[in-house]
Amino acid sequence: MEKYDPKSIELRWQGIWEGDGAFTTRDPGGNGKYYVLEMFPYPSGKIHMGHVRNYSIGDVVARFFMMKGKDVLHPMGWDSFGLPAENAAIQHGIHPAEWTRQNIVFMRNQLKRLGFSYDWKREVATCAPEYYRWNQWLFLKFFEKGLAYKKRSSVNWCPGCSTVLANEQVEGGLCWRCDSPVEEKKLDQWFLRITDYAEELLECTQGLTGWPERVLTMQRNWIGKSVGVEVSFPVAGSIEAIRIFTTRPDTIFGVTFVSLAPDHPLVEKITAPQRLEEVREFSLRVLSMTGREAEAEKEGVFTGAYCVNPLTSEKVPVYAANFVLMDYGTGAVMAVPAHDGRDFEFARKYNLPVKVVVSPLDGEPDPAAMQAAYVDDGVMVNSGQFDGMSNTEAMEGIAEFLERRGLGKKGVTYRLRDWGISRQRYWGCPIPVVYCEGCGTVPMPYEDLPVILPEDVLLTGKGLSPLANCPFVNAKCPRCGGKARRETDTMDTFVDSSWYFLRYTSPESKDLPFDKKEAKVWMPVDRYIGGIEHAVMHLLYARFFTKAIRDIGLADISEPFANLLTQGMVCKESMKCPEHGYLFPEEAAGGVCRQCGKAVEVGAVEKMSKSRKNIIDPDRIIETYGADTTRLFSLFAAPPEKDLDWSEEGVEGSYRFLGRVWRLVGENMEALKAAAPYDGYPAITGDGKVAMTGDGYPAMTGDGKVAMTGFLRDIRRITHMTIRKVTQDI
RNA sequence: GCCCGAGUGGCGGAAUCUGGUAGACGCACGGGACUUAAAAUCCCGAGUCCCGAAAGGGACGUGCCGGUUCGAUCCCGGCCUCGGGCACCA
């Protein structure tokens, strides 16, 4: 018998699959469709173990449903715009397009060598004009519907690299590349109005029963809906009024001051002239702080202005305070020190009065002696006609009272902000807009798409958008034919990945981003598999796009992913040499540093990452043990949702297991070849008699058929139990 | 601080949804077979403690405390620990 030789077996079958088009998608027939999708990779250079795990899980699902007779859509592609390509260009002098192309070729071969059941005919790459022209098309549709707009807003600015950074590229207030403190800078930016869909995005989480609860929780928290009341506090001696939002209308009687965000427009208007200098100084100082520093102690300055509590007619001072955020709610808050922790801290610091209006049942606290705000439920006190009510009743009562008098109205506020998609980078999808001297902001006509990203661009990593310095910027206004300047920012790459699952349903579509009929056939994705790190951003954006695309009339689904599986990370202990720092596994063979021979310190088991050098190259494992062992181990070693601890011994165990299967089949090859397909009855031997079963003789059932007994029955039972178990698990 | 999730042998983990022989499978470990020897492979053993020369037998065991039940790793309540997410959100 031949030895188990994974390489020759795998290459032979991979060749046969490819030759037969075994994984080419069929049009769904009577058995129904199944769309299984794994999050497509960024083509960074090589496949890593996280990819192997992700795609092995997906392959199991795909093959399972293929074997059940479903028509399966199982595509793969490349999230191929992004900053690493630009960094490679700057560091190695290779063009981002070429670097990306080479990486895709290499990684595609790696995936093929792993034997995954992808329909490569449907491959997409987001950096291809045939793909990103539809990004631009969707952008124009969004623009028409008012879902895309431009406004001035703050961005993370790194003075060291003189470039804008994404939020993910700011680590602890510092630039991820050069460690410069990140500054806030105001720039004109394009936004997508995701907040229009806040309520629906929240509401629909109820129906996503196939999603992990924690992902839904994270999305709900991110959307952050608050129900409350918007109330106006007129400014004393002025026609202005301060609009505040509160979720605690029951505590309005306890307001002892009002706080404004330092950049609230009213600050300038109402501050007393003699305090103006101090207030401006404070605002400037607070606003120049970065995210991390701003978490410092609560601080504020008195504006010299007073406003009037609409319920009590009391005059209360107005402060500018560092903990009030302009871009949440109305940028102004009423302060109730007795019942809000932040206001309490602030009031104690500046000796402001504390007024109790909700009393615990065991007695009203003394404001002077309180150590902390009382934030729980209780009975209303010092609140006029509402005294004696429970505060939960008063909440509703006061809200209605204010509405009747026209002093306020019930309202809802979300934490979710609109999605800023402008990136001052080269390697991304151009935003299809020009600025005409005469006509202003003009969208490109649909028939002029795509706006092609030019190839001859000088990349230095300095300055604003690289596209601003090349002929690309000069355009003709599509409306008046006059001179115009092209938009030089590109789109956030999350835009690319917000609809790629729709493109897979008809990757050749020439007239629309995707074919409506095909999308109707295949969507939604029945099982979506990827890392938990995308729990909020990508998955929320994709949900938003699906709803917006529905409202454009292109699709009739509201949610893209029926079931979501978030797989755990692949982890391994790190190795550290006292002299040479982190070591790759092969540099620490035998527990000593290969360079200096010092004993290696074994670190904690953590996510595989290049910086800790605790990585395993899938190629090496495939070369040594074969793709099947690599895949088997990454499935077997831990449940899909949980982290997987890498273990070379475990890999060997998987390899031995496959060796045993190979021998078991090989040694019984003759018997297996002779066996007839199983028809549910005991085997008939060559002479036409019923074969002997484990315990001697076959038994007869009531209808005269031969029943299965003993050993045979056990085998059949185990077979069926296994089928049931596998079906349930998958 | 708030919100999720998880705690089972030396290790990764089964069983938990649907309460009914806890510890499947794998790793590591020990013993044996094969071999001149080794590798590879195969077989056997093993939760912990106690009694016994052995065959066997007994007690205790799923983070801790309590509840429901004939019966709880599983259901309920309270705590502890670890992991993750969010965090001045008014």
Side-chain angles (χ1 to χ4, degrees), chain A residues 1 3-4 212-231 242-249 251-252 255 258-261 286 291-300 321-337 339-346 372-373 375 411-417 531-533 535-537 566 568-569 571-573 604-607 629 632-660 662-664 667 718 721-722 725 728-729:
Chain A
M1 194 186 100
K3 194 170 168 292
Y4 174 52
E213 197 51 43
R214 63 185 185 128
V215 174
L216 295 176
T217 306
M218 283 164 74
Q219 293 218 346
R220 288 176 195 137
N221 290 344
W222 188 265
I223 295 167
K225 180 180 181 177
S226 298
V227 179
V229 185
E230 212 179 283
V231 191
I242 299 172
R243 284 168 50 243
I244 61 98
F245 175 78
T246 181
T247 55
R248 292 291 305 272
T251 63
I252 294 177
V255 170
V258 165
S259 308
L260 298 177
V286 170
R292 186 72 22 139
E293 287 173 84
E295 278 171 32
E297 203 185 334
K298 296 187 185 17
E299 256 189 284
N322 66 343
F323 63 92
V324 182
L325 309 172
M326 190 55 223
D327 51 3
Y328 182 79
T330 60
V333 292
M334 64 177 207
V336 187
H339 306 294
D340 180 281
R342 291 156 305 180
D343 297 341
F344 185 83
E345 203 183 307
F346 195 87
V375 297
V412 174
T413 301
Y414 300 90
R415 203 189 78 111
L416 182 71
R417 319 279 164 78
I532 186 77
E533 65 272 21
V536 174
M537 306 291 258
T566 49
M569 299 180 296
C571 300
K572 189 187 179 310
E573 74 284 352
V605 175
E606 289 176 282
K607 180 185 181 176
T629 295
L632 182 66
F633 175 74
S634 64
L635 292 167
F636 171 83
E641 303 81 7
K642 292 183 62 173
D643 288 350
L644 182 154
D645 293 341
W646 182 262
S647 137
E648 197 79 21
E649 293 79 15
V651 177
E652 301 230 8
S654 296
Y655 180 72
R656 279 200 291 268
F657 176 82
L658 289 177
R660 280 200 291 277
W662 177 258
R663 271 193 310 280
L664 185 68
E667 282 162 9
I718 288 170
M721 281 169 64
T722 304
K725 175 80 175 120
Q728 282 175 354
D729 281 359

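Only heavy atoms go into these numbers, but all of them, side chains included; no hydrogens, no water, no symmetry mates.
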Can you measure A/Glu641 atom CD to B/A14 atom P for me and round it to whole angstrom units? 9 Å
Nearest of B/C88, B/A28, B/G84 to any side-chain atom of A/Lys298? B/C88
Starting at atom CE of A/Met326, determine the distance to atom C1' of B/C89, rounded to an integer number of angstrom. 14 Å
Using whole Å, report how far CG of A/Asp643 lies from P of B/G83. 12 Å
Between A/Arg663 and B/C42, is there a contact of a side-chain N or O with OP1 or OP2 at under 4.0 Å? yes
Have a look at A/Gly653 and say if it touches a base, only the backbone sugar-phosphate, or nothing, with a 4.0 Å heavy-atom cut-off. sugar-phosphate
What is the separation between atom CH2 on A/Trp222 and atom P on B/C2, rounded to the nearest whole Å? 21 Å
Give A/Arg415 one of three labels, base, sugar-phosphate or nothing, depending on what nucleic acid heavy atoms sit under 4.0 Å from its own. base
If you only use heavy atoms from C-beta on, which nucleotide in B/G84, B/A90, B/G13 is closest to the side chain of A/Lys642? B/G13
Between A/Arg214 and A/Met218, which has a closest nucleotide on RNA chain B that is more 5'? A/Arg214
So, the side chain of A/Asp643 versus the backbone of A/Gly568: is there a donor-acceptor pair under 3.5 Å, distance only? no
Mate of B/U41 where both pairing distances stay under 3.5 Å, Watson-Crick or G-U: B/A33
Starting at the 5' end of RNA chain B, which residue's closest nucleotide do you reach first, A/Tyr328 or A/Tyr655? A/Tyr655
Can B/G52 be described as syn, meaning its chi torsion is within 90° of 0, or is it anti? anti
Below 6.0 angstrom between ring centroids: does that apply to A/Phe323 and A/Phe346? yes
Taking the P atom of each, how far is B/U62 from B/U8, in whole Å? 11 Å
Measuring from the side chain of A/Phe323 (C-beta onward, heavy atoms only), which nucleotide among B/C88, B/C25, B/C3 has the closest atom? B/C88
Whole-Å distance between B/A90 P and A/Phe245 CZ? 7 Å
For atom C1', what is the distance between B/U69 and B/C80, given to the nearest Å? 26 Å
Is A/Pro639 touching bases, backbone alone, or none of the nucleic acid, heavy atoms closer than 4.0 Å? sugar-phosphate
For the P atoms, the ones on B/C51 and on B/C42, what distance do you get once it is rounded to whole angstrom? 38 Å
Nucleotide paired to B/A54 in any strand shown, Watson-Crick or G-U, under 3.5 Å: none
Please pick, from B/C3, B/C88, B/A90, the nucleotide with the shortest atom-to-atom distance to any side-chain atom of A/Val333. B/A90
Is the shortest side-chain N/O distance from A/Ser226 to OP1 or OP2 of B/A90 below 4.0 Å? yes
Step-by-step side chain to side chain contact (heavy atoms under 4.5 Å, CB included) determination, A/Val333 to A/Ile244: CA-CA 5 Å; A/Val333 292; A/Ile244 61 98; 5.6 Å; no
Check this for me: A/Arg243, atom CZ, are more than 12 non-hydrogen atoms of other residues, nucleotides or ligands nearer than 6.0 Å? no
When all nucleic acid strands are considered with a 4.0 Å heavy-atom cut-off, which category describes A/Ala638: base, sugar-phosphate, or nothing? nothing
What distance, rounded to whole Å, do you find between the two P atoms, one in B/G31 and one in B/U21? 35 Å
Given atom CG of A/Asp340 and atom P of B/G1, what is their separation to the nearest angstrom? 17 Å
Using purine N1 to pyrimidine N3 plus N6-O4 or O6-N4 for Watson-Crick, or N1-O2 and O6-N3 for G-U wobble, each under 3.5 Å, what pairs with B/C27? B/G10
Contact under 4.0 Å: A/Arg660 side-chain N or O vs B/C42 OP1/OP2: yes
Considering every strand and a 4.0 Å limit on heavy-atom distances, what is the contact class for A/Val324: base, sugar-phosphate, or nothing? base
For A/Phe657, is the CZ atom crowded, meaning more than 12 foreign heavy atoms sit under 6.0 Å from it? no
Mind checking who B/C86 pairs with, Watson-Crick or G-U wobble, both distances under 3.5 Å? B/G1
When the P atoms of B/G61 and B/A72 are considered, how many whole Å apart are they? 11 Å
Residue A/Arg656, side-chain heavy atoms: nucleotide from B/C3, B/A90, B/A28 that is nearest: B/A28
Applying side chain to side chain contact (heavy atoms under 4.5 Å, CB included) to A/Glu230 and A/Thr330, what does each step give before you reach the verdict? CA-CA 9 Å; A/Glu230 212 179 283; A/Thr330 60; 4.1 Å; yes
B/G12 C1' sits how many Å from A/Glu652 CD, rounded? 16 Å
Determine the interatomic distance between C1' on B/G20 and the same-named atom on B/G71; round to the nearest Å. 7 Å
One pair to check against salt bridge (charged side-chain N to carboxylate O under 4.0 Å, His left out): A/Glu649 and A/Arg656. What are the steps and the verdict? CA-CA 10 Å; A/Glu649 293 79 15; A/Arg656 279 200 291 268; over 6 Å; no
Tell which nucleotide pairs with B/C79, taking only Watson-Crick or G-U wobble pairs whose two distances are both under 3.5 angstrom. B/G63
Just wondering, more than 12 heavy atoms not from A/Arg220 lying within 6.0 Å of its CZ? yes
Nearest-angstrom distance from the residue atom CZ of A/Phe636 to P of B/A14: 10 Å
Considering only atom P, compute the distance from B/C79 to B/C3 and round it to an integer number of Å. 12 Å
Span that lies between the C1' atom of B/G12 and that of B/U36, in whole angstrom: 39 Å
